[in-house]
4 protein chains.
Amino acid sequence: MDLNSDLGEGFGVWTLGDDAALLGVVTSANVACGFHAGDPRTMRAVCDLAASHGVAIGAQVSYRDLAGFGRRFIDVDPVELADDVLYQIGALSAFAAAAGVRVAYVKPHGALYNAVVHHEEQAAAVVAGVRAWGEVPVLGLPGSAFLTAASAAGLRTVGEAFADRGYTPAGTLVPRREAGALLTDTAAVVERALRLASDRQIVAVDGTVVDASTVESLCLHGDTPGAVQHAQAVRAALEDTGVTLTAF
Amino acid sequence: MDLNSDLGEGFGVWTLGDDAALLGVVTSANVACGFHAGDPRTMRAVCDLAASHGVAIGAQVSYRDLAGFGRRFIDVDPVELADDVLYQIGALSAFAAAAGVRVAYVKPHGALYNAVVHHEEQAAAVVAGVRAWGEVPVLGLPGSAFLTAASAAGLRTVGEAFADRGYTPAGTLVPRREAGALLTDTAAVVERALRLASDRQIVAVDGTVVDASTVESLCLHGDTPGAVQHAQAVRAALEDTGVTLTAF
Amino acid sequence: MDLNSDLGEGFGVWTLGDDAALLGVVTSANVACGFHAGDPRTMRAVCDLAASHGVAIGAQVSYRDLAGFGRRFIDVDPVELADDVLYQIGALSAFAAAAGVRVAYVKPHGALYNAVVHHEEQAAAVVAGVRAWGEVPVLGLPGSAFLTAASAAGLRTVGEAFADRGYTPAGTLVPRREAGALLTDTAAVVERALRLASDRQIVAVDGTVVDASTVESLCLHGDTPGAVQHAQAVRAALEDTGVTLTAF
Amino acid sequence: MDLNSDLGEGFGVWTLGDDAALLGVVTSANVACGFHAGDPRTMRAVCDLAASHGVAIGAQVSYRDLAGFGRRFIDVDPVELADDVLYQIGALSAFAAAAGVRVAYVKPHGALYNAVVHHEEQAAAVVAGVRAWGEVPVLGLPGSAFLTAASAAGLRTVGEAFADRGYTPAGTLVPRREAGALLTDTAAVVERALRLASDRQIVAVDGTVVDASTVESLCLHGDTPGAVQHAQAVRAALEDTGVTLTAF
């Protein structure tokens, strides 16, 4: 099982989340590339630290939207979006290379992540941007248009699940405004992770058991103190039960 | 002799200069990387066109300053500047690679170009950024702190002269506000280029002959209609006299 | 009849359109406020020139999107959008005041203009931003959600028509990709303007006569040489037939 | 005595400092206007809260430099700088007006603050931008070129001192890298404030008593938990000794 988290999401004087703590937990770091967050100095520091921890570096590509942290859908022309993606991967690759490693995968961020679940043109555009870069795996939502397009384009696809989010019986995330959207209890988060690792199953909010057979990575959040503790608890529990934690 | 020019200096809807015309003239394209100009789509288009013309692609790195087109000195921390440079080279490298080529050299733009003539810390920072990328040549002003630092760091340095700028007897450029700053006569521009190619000499505004023995590249401008004609006339004249035009 | 045009749409070194020529034609200037175009120096220059010509100054408010020139829909939170609008009007008002006049109206730009034709929340947000500023008129598409919301909020609404765009029988614009989207013949553009001024009618691409009784302003484009000539021809023809040209 | 502090210095998802706590302490709020920090939503929230606390709102104007938080000198053309200042004041004024108040003063931020201590052209440019706005007071360093130019231009000038910074015997700030640059002991900070309020004097690091007769405002920082406590302790001590705390 792979553990991934969003890192390097500060910008200039502003910081977000506890990168150092998370890099002691995860096996894959989704590094912001400057479009929603991530100035060059931060990118370099995160890449250096990730490489020294043996954590894989992924390009967390986004719409160009610092003011909105990439959380707002933008109706970008697909040709431009592909080039925006390629630009970001290239920029990150320089810091990865300076740290002695390579960009190991690509994961869309925020609103782009959500858009490419259904938006065929943008999904194809992100895939086109990744392919123009090279044959790296992509990380995304199981069943999304993005993973489907990536697979069709010959890229290795890696499905992810969320350790601390509630799921509907249909296997989608409970919207953030609704009850059950977030698992706040550490025990519940850990149980989610263990069940996923052992059986590739997720228990939905109503108790339905959802198939997660294509999930190879578990997404951990780190932007709140509680989230870091959850992440650490998940790692400890997985290690205790003998699950091998390794990047895909 | 190499002929270089600044290209890809539009941003989004805005364009600047005649990239297509210049790519039929130069042997090296200094491509804007997004910090003073150059959106990803433009970068890709210029890289594709340059590669198809057999024109070498260089990273034209800048201060982060779209509003000022990189023409204003910024007192950036050298550590940040090195990372800004690395970011830009990395981003461009993705488009170069997509076009089947590599970033062949690095040239600072605008105020950064001028700053690193004398500013030791920023010169060292640009060199550090380039070296973190790899062993690519750098293009700059002969005798500048930048080329000195680059040379000391083991990088190949390439001096450049300007086809249409007036020179002082000391071999520096006549400031733009002063008389003689710009050669506006095509014949004078062509003569400058021919003398440089044949004798590695530049004739200053007062007639003094300035040594230009380290100059391997001639910078042509393309942001005005007249400039494009000058560039085309220079190329034609150099070819007529049998000068081999090739990237360094 | 009012004649309006988009002005001040350069940014830094980049220019767009012929502001000086248009300011000799229009009675209302939609001035870009920095979010899709328009640096402070340009805003000041356009405001000074508009004031000296007796041309009314309007705030051309946009999504925050320099890279996309405000032409891409952004799913902004309405609360943020209202504040983005207020910010832009305030910024422009400083330049208007320095020129001795006031911001006379507000007109959404590009993708925001199109969005608020139907998007109720964003239409309400723009209205909220305008109202937070004050009781200024708004300029927009007749029948749009935006004008409806503005009217309900007590703002004076001004409908506009386009001199050089094709209309469907239903009174909407022919999409730019379809035949007839653009009137390229000066005579046709002038005829559109004259009929609109005299009868408040627009002839659609199929000959249908469309009611334009709420139209008080005619939008002229100025970003191509041909467009400037159209604009000048329209003004001359309207003056020749005795139409009073004045801001609303 | 006036107490001022920098507020609204987040951007989008990123926050900085404890605005709510500081607004319970200060009498004047230096509100970031979007060039070094401060998105429109934050500007509105801070203005609303300041107005409800009866705290005066000042425009904290900066170089355009989000990536550097306005802490890097930029060699901006003075004409552009004046317009950049005017733009920022105008933008803030819209939020002040929406909160029922007016922009009460202007204070340069960061590197611009430091530059205009000596840089005559930039000092004159900031003054020109302020004057283009109107007759509002300016806040700055006693003896600075900025206050001198502002005074000559007919603006009311307000000198400020720093509660938690070490002073040299010459009355300038001890550079941040040197020992004694920061007062970290609450008692020392409070003593500084009391002596300033009662005698208009500052005790330098070597014990020299420095004249501070033109100081009418004390700058408090709020970007660390300790700083907020210092600020609160200063206010409490000043109130205890009967000093009237009010905006200038």
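Worth saying up front: this structure is predicted, and the values here are computed from it rather than measured. Order of the sequence lines sets the chain letters (A, B, ...), proteins ahead of strands, with each chain counted from 1.
In this structure, the portions of A:Phe11 lying under 4.5 Å from any heavy atom of chain D include both its backbone and its side chain. Neither the backbone nor the side chain of A:Arg41 comes within less than 4.5 Å of any heavy atom of chain D.
Aromatic ring orientation, A:Phe69 versus D:Trp14: perpendicular (interplanar angle above 60°, classes split at 30° and 60°). Ring pair A:Tyr105/A:Phe248 is perpendicular by interplanar angle, where above 60° counts as perpendicular and below 30° as parallel.
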Practice task
Walk me through it: do D:Asp6 and D:Lys107 pass the test side-chain contact (heavy atoms from CB on, under 4.5 Å)?
Solution key: CA-CA 10 Å; D:Asp6 297 343; D:Lys107 175 182 173 178; 4.0 Å; yes
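Taking CG from D:Leu22 and CZ from D:Arg235, the interatomic distance works out to 11.5 Å, rounded to the nearest 0.5 Å.
Without hydrogens or angle criteria, A:Arg102 side chain to A:Ser93 main chain gives no donor-acceptor distance under 3.5 Å. A:Thr27 places a side-chain N or O within 3.5 Å of a backbone atom of A:Leu3 that can act as its donor or acceptor partner.
Looking only at atom types and distance, the side chain of D:Asn4 has no donor-acceptor partner in the side chain of D:Ser28 under 3.5 Å away.
Contact annotation for residues 55-67 of chain A against chain D (heavy-atom separation below 4.5 Å, listed by residue number): A:Leu66, A:Ala67.
For chain D, the option among A:Gly12, A:Gly10, A:Pro40 with the highest count of heavy-atom pairs below 4.5 Å is A:Gly10.
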